Amino acid sequence: MATTVLYMSMSVDGFIAGPNVRPDNGLGDRGERLHQWVFGEGPVAEPAQDQLSGVDREMWDEMLATRAVIAGRGTFEPAGGWDGDHHGGVPIFILSRHPAPAEFAGMPLVTYLADLDDLVQRARAAAGDGSILVHGAGLAQRLLAAGELDEIQLHVVPVLLGAGRPLFEGLEPEHIELEPLRSEQGAEALHVRYRVRRRPG
């Protein structure tokens with residue numbers, strides 16, 4: 001069965017975006033700092049290919065080897081729907097209570113779904129025995145609550161933002177154990193991966 005994996009860059013103090021996040025400021029003030037390990041100091045659009053080597057390159061290639069993408073509408077739409085193709089022509093499933101707006105409705109790889117269980121099952125079927133890229137903190141929290149988030153891949157950047165959006169903001173007060181799988185230091189970011197331990201049913 002396919003594995004759902006949240007890939008997320010974050011500051012040492014736990015923020016995934018700076019303060020003042022808006023549709024025209026999606027990473028918040030100075031939030032682009034969290035992605036410089038892969039994009040360099042240019043626009044957050046294309047990786048700085050010549051800067052990626054060693055474990056940083058492995059992380060990037062691993063993310064691009066995922067066979068499906070799931071995201072929330074609030075992540076997908078401000079990003080312009082990734083022009084209809086996040087990577088490699090893999091299917092993209094968007095959790096939304098509303099149908100796709102006209103500008104995204106004609107994207108053949110994109111499916112809007114209102115039901116979380118349906119979204120996860122379709123993504124798992126599409127990915128086969130591969131991995132599914134989970135995009136967005138809000139969706140990750142919903143998957144955690146539903147027992148559908150399998151792994152968390154963090155890219156911890158050596159910066160303290162002091163304010164912004166925390167990764168698990170609004171998480172229900174419950175005890176969730178994580179099993180460490182690996183920890184590798186890149187040129188700058190520390191790449192740490194965990195498996196979510198299932199609570200006894």
Side-chain angles (χ1 to χ4, degrees), residues 1-21 25-72 75 79 82 86-88 90 127 129-141 143-144 148-171 175-198:
M1 183 173 66
T3 302
T4 56
V5 185
L6 173 67
Y7 289 86
M8 188 66 72
S9 294
M10 63 180 285
S11 65
V12 171
D13 52 349
F15 295 104
I16 60 169
N20 301 315
V21 173
N25 190 32
L27 294 174
D29 296 345
R30 297 177 299 281
E32 68 278 355
R33 173 68 182 89
L34 300 176
H35 301 273
Q36 286 178 2
W37 71 269
V38 65
F39 294 104
E41 296 189 13
V44 178
E46 295 295 334
Q49 299 285 351
D50 58 340
Q51 292 186 201
L52 292 177
S53 61
V55 66
D56 294 330
R57 165 63 67 178
E58 290 174 20
M59 291 297 107
W60 180 253
D61 290 345
E62 179 184 287
M63 187 187 73
L64 293 186
T66 53
R67 298 183 185 174
V69 175
I70 58 178
T75 297
W82 306 306
H86 187 276
H87 65 271
V90 303
D129 60 355
S131 295
I132 300 164
L133 169 61
V134 176
H135 238 313
L139 179 60
Q141 291 182 44
L143 292 171
L144 266 176
E148 294 285 6
L149 185 62
D150 299 316
E151 296 183 4
I152 299 171
Q153 174 67 63
L154 299 177
H155 313 292
V156 184
V157 178
V159 63
L160 301 172
L161 293 185
R165 183 178 183 188
L167 175 54
F168 291 115
E169 181 179 33
L171 190 67
H175 190 97
I176 300 174
E177 290 284 345
L178 305 176
E179 175 187 348
L181 296 179
R182 70 185 183 203
S183 177
E184 300 174 278
Q185 180 64 55
E188 182 178 48
L190 176 64
H191 306 286
V192 186
R193 193 176 186 109
Y194 300 96
R195 179 180 292 120
V196 179
R197 289 181 174 168
R198 299 295 177 222

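The chain is numbered in sequence order, starting from 1. The figures here come from the full heavy-atom set of this structure, side chains too, leaving out hydrogens, waters and symmetry mates. For clarity, every value in this text was computed on a predicted model and none was experimentally measured.
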In Å and rounded to the nearest 0.5 Å, what is the [atom1] to [atom2] distance from [X] to [Y]?
| X | Y | atom1 | atom2 | result |
| --- | --- | --- | --- | --- |
| Leu6 | Leu154 | CG | CG | 7.0 Å |
| Glu179 | Arg195 | CD | CZ | 4.5 Å |
| Thr75 | Trp82 | OG1 | CH2 | 7.0 Å |
| Leu144 | Ile176 | CG | CD1 | 4.5 Å |
| Met8 | Ile16 | CE | CD1 | 4.0 Å |
| Trp60 | Ser53 | CH2 | OG | 15.0 Å |

Got [X] and [Y] here, is their nearest side-chain heavy-atom distance under 4.5 Å?
| X | Y | result |
| --- | --- | --- |
| Leu178 | Val196 | yes |
| Phe168 | Ile152 | yes |
| Asp56 | Val38 | no |

If you look only at distance, which donor and acceptor atoms sit under 3.5 Å apart when one is on a side chain in residues 64-71 and the other is two or more places apart or in another chain?
residue: Thr66; atom: OG1; partner: Met63; partner atom: O; Å: 2.7
residue: Thr66; atom: OG1; partner: His87; partner atom: NE2; Å: 3.0
residue: Arg67; atom: NH1; partner: Asp129; partner atom: OD1; Å: 2.8

Determine, stepwise, if the pair Val12 / Val159 fulfils side-chain contact (heavy atoms from CB on, under 4.5 Å).
-> CA-CA 6 Å; Val12 171; Val159 63; over 6 Å; no

Using the test side-chain hydrogen bond (donor to acceptor under 3.5 Å, both in side chains), find all partners of [X] that sit at least two apart in sequence or belong to another chain.
| X | answer |
| --- | --- |
| Arg33 | Glu188 |
| Asn20 | Asp29 |
| Ser131 | none |

Which heavy atom in Pro166 sits nearest to a heavy atom in Phe15, and how many Å separate them?
-> N-CD2, 3.7 Å

For Ser11 and Leu34 the tightest heavy-atom approach is N-CD2, 3.5 Å

Just one of His135, Glu151, Glu62 clears the side chain to side chain donor-acceptor pair (under 3.5 Å) bar with Tyr7, so which one?
->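 Answer to the side chain to side chain donor-acceptor pair (under 3.5 Å) test with Tyr7 among His135, Glu151, Glu62: Glu62.
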
Stepwise side-chain contact (heavy atoms from CB on, under 4.5 Å) check, Leu143 with Val134 = CA-CA 9 Å; Leu143 292 171; Val134 176; 3.7 Å; yes

Answer yes or no: is there a donor N or O on one side and an acceptor on the other, between the side chain of Thr4 and the main chain of Glu148, under 3.5 Å?
-> yes

After noting the C-alpha distance and the side-chain angles of Trp37 and Leu190, does the key distance pass the side-chain contact (heavy atoms from CB on, under 4.5 Å) rule?
-> CA-CA 10 Å; Trp37 71 269; Leu190 176 64; over 6 Å; no

side-chain hydrogen bond (donor to acceptor under 3.5 Å, both in side chains) contacts touching residues 152-163 (sequence neighbours left out) | Gln153-Arg182, Gln153-Arg193, His155-His191

What residues form a side chain to side chain contact (heavy atoms under 4.5 Å, CB included) with Glu58, not counting sequence neighbours?
->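 In terms of side chain to side chain contact (heavy atoms under 4.5 Å, CB included), with neighbours along the sequence ignored, Glu58 is linked to Val55, Glu184.
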
